[in-house]
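Everything numeric here is computed off the predicted structure, so don't read it as measured data.
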Amino acid sequence: MARPIIGIISNHHVINDEYEVQAAGMINISAVAEVADGVPMLIPADPSFIRVSDLLEHCAGFVFTGGRANVHPEEYGEEPTEAHGQFDRNRDRLTLPLIRACVERGQPILGICRGFQEVNVAMGGSLYPEIRDLPGRDNHRMPPDGTLEEKFALRHDVTFREGGVFHDLMGRPSVPTNTLHGQGIKEPGPRVVVDGHAPDGTPEAMYIDGAPGFTLSVQWHPEWNAKCDPVSRPLFEAFGAACRAWVDGARATPVLRNVS
């Protein structure tokens, strides 16, 4: 059977202060190709070049990647501040309607870091601009120095809801993860089920209640070392299985169910 085409949402970059590109990290590409067993297709995050309807027709599922730019707070009814950082309005205009369309259709999505936050906003939720400024919260940002291995090192556990979707998928109540984000969920959207938290209470894992397809999203970066990591591998394998099921015409997945 042909491998499913999996869209990887790219990010806008400027090389040498003059040359614009759309790019996605090699670790995202390898996770899709080697663990999810899909054909990675990089999606330019700009609705000027591509329509949501085109993407839904040609891709089996989508990975909403991390990125430096944050979802613009206007998308959840707040004014931008310096703490919100930089934005990419073109990505917002493409990804938010794409997420909503996928949820409605049952088309598989996997949200990672910014993508995790995008899913929450797309479903009517809001974000904190800076987690580390909140009382009792830790600094979840990427260490400013060190090698990539040190920046993506495991830094805290995520504890899942007992008997929940992530607990079932991982086969254990908590897992160690990396952490490289500044923002985080403030209010979950009406259908967003937060299924895992960091020790300081920051939401780290979620899915969409009642969605007919795979909607798992995480705040950490499972694409790092996904082929060998015992936490990342089952997540990407389950996502890949959901994408193959979509191509085959099936809509249900073994890791998605309503809240009991």
Side-chain angles (χ1 to χ4, degrees), residues 4-11 24 28-29 31-32 35-45 47 50-67 71 75 91-125 165-166 169 185 188-196 203-223 226 232 234-248 250-258:
I5 296 173
I6 297 176
I8 301 174
I9 303 300
S10 299
N11 284 295
N28 289 292
I29 296 168
V32 165
V35 187
D37 197 25
V39 176
M41 176 181 289
L42 303 191
I43 305 300
I50 196 162
R51 293 175 297 188
V52 167
S53 58
D54 295 329
L55 297 176
L56 295 173
E57 179 179 353
H58 292 290
C59 296
F62 301 91
V63 176
F64 293 85
T65 59
V71 181
E75 299 292 348
R91 174 162 169 163
D92 295 343
R93 293 183 183 102
L94 181 76
T95 57
L96 299 181
L98 177 59
I99 289 166
R100 288 188 283 265
C102 286
V103 169
E104 180 180 352
R105 289 161 56 91
Q107 204 154 349
I109 60 172
L110 174 60
I112 295 173
C113 200
R114 176 199 158 110
F116 172 88
Q117 297 163 12
E118 279 176 325
V119 173
N120 185 53
V121 172
M123 300 306 296
V165 171
F166 279 87
L169 176 61
I185 289 181
R191 295 174 60 193
V192 170
V193 179
V194 176
D195 208 36
E204 293 275 345
M206 70 180 187
Y207 65 94
I208 308 304
D209 184 28
F214 186 104
T215 59
L216 274 59
S217 297
V218 297
Q219 183 63 84
W220 70 89
H221 284 267
E223 73 274 25
S232 302
L235 181 59
F236 274 99
E237 286 178 340
F239 172 64
C243 291
R244 286 186 289 279
W246 174 264
V247 173
D248 289 342
R251 295 296 180 264
T253 71
V255 295
L256 184 69
R257 54 179 171 72
N258 293 352

Requested in this report: Kindly compute the distance separating CG (Leu98) from OG (Ser53), expressed to the nearest 0.5 Å.
Outcome: 10.5 Å
Query - pair Asp92-Val121: side-chain heavy atoms closer than 4.5 Å - result: no
Query raised in the report: Less than 4.5 Å apart, any side-chain heavy atom of Glu204 and any of Val218?
Result: no
**Report entry** Heavy-atom pair of closest approach, residues Ala36 and Arg244
**Finding:** O-NH1, 3.0 Å
**Report entry** Side-chain ion pair, Glu104 and Arg100, N-O less than 4.0 Å
**Finding:** no
Report task. List the atom of Pro108, the atom of Ala60, and the distance in Å for their closest heavy-atom pair. Result -> CD-O, 3.2 Å
Requested in this report: Please step through side-chain contact (heavy atoms from CB on, under 4.5 Å) for the pair Arg91 and Thr65, ending with a clear verdict.
Outcome: CA-CA 11 Å; Arg91 174 162 169 163; Thr65 59; 3.3 Å; yes
**Report entry** Trace of the side-chain contact (heavy atoms from CB on, under 4.5 Å) decision for Thr95 with Val119
**Finding:** CA-CA 9 Å; Thr95 57; Val119 173; over 6 Å; no
Query raised in the report: What is the distance from atom OG1 of Thr215 to atom CE of Met206, rounded to the nearest 0.5 Å?
Result: 8.0 Å
**Report entry** Ile9/Glu118 under side-chain contact (heavy atoms from CB on, under 4.5 Å): CA gap, chis, key distance, verdict
**Finding:** CA-CA 12 Å; Ile9 303 300; Glu118 279 176 325; 5.6 Å; no
Report task. Rounded to the nearest 0.5 Å, what's the gap from CD1 on Ile208 to CE on Met123? Could you check? Result -> 5.0 Å
Query - Considering all heavy atoms, the nearest Pro188-Val194 contact - result: CG-CG2, 4.0 Å
Query raised in the report: How many angstroms lie between CG in Asp195 and OG in Ser217, if you round to the nearest 0.5 Å?
Result: 11.5 Å
Requested in this report: Determine whether Glu223 and Val63 make a side-chain contact, defined as any pair of heavy atoms from C-beta on separated by less than 4.5 Å.
Outcome: no
Report summary line: One should read off an interatomic distance between Ile112 CD1 and Leu235 CG, to the nearest 0.5 angstrom, of 7.5 Å
Query raised in the report: Minimum heavy-atom separation for Leu42 to Ser10, with atom names?
Result: CB-OG, 3.7 Å
Query raised in the report: Given side chains that start at C-beta, do those of Phe64 and Ile109 come closer than 4.5 Å, heavy atoms only?
Result: yes
Query - Donor-acceptor contact present, side-chain Asn120 to main-chain Gly189, <3.5 Å - result: yes
Query raised in the report: For Gly38 and Ile6, which heavy atoms make the closest approach, and how far apart are they?
Result: CA-CD1, 3.9 Å
Query raised in the report: Residues two or more places apart in sequence or in another chain: which of them pass ring-ring contact (aromatic ring centres under 6.0 Å, His included) with Phe62?
Result: none
Query raised in the report: Taking C-beta and beyond as the side chain, do Val193 and Val165 meet within less than 4.5 Å on heavy atoms?
Result: no
Report task. Show your reasoning for whether side-chain contact (heavy atoms from CB on, under 4.5 Å) applies to Leu55 and Leu94. Result -> CA-CA 10 Å; Leu55 297 176; Leu94 181 76; 4.2 Å; yes
Report task. Locate the shortest heavy-atom distance separating Gln107 from Trp246; write the atom from each residue and the value. Result -> OE1-CZ2, 3.5 Å
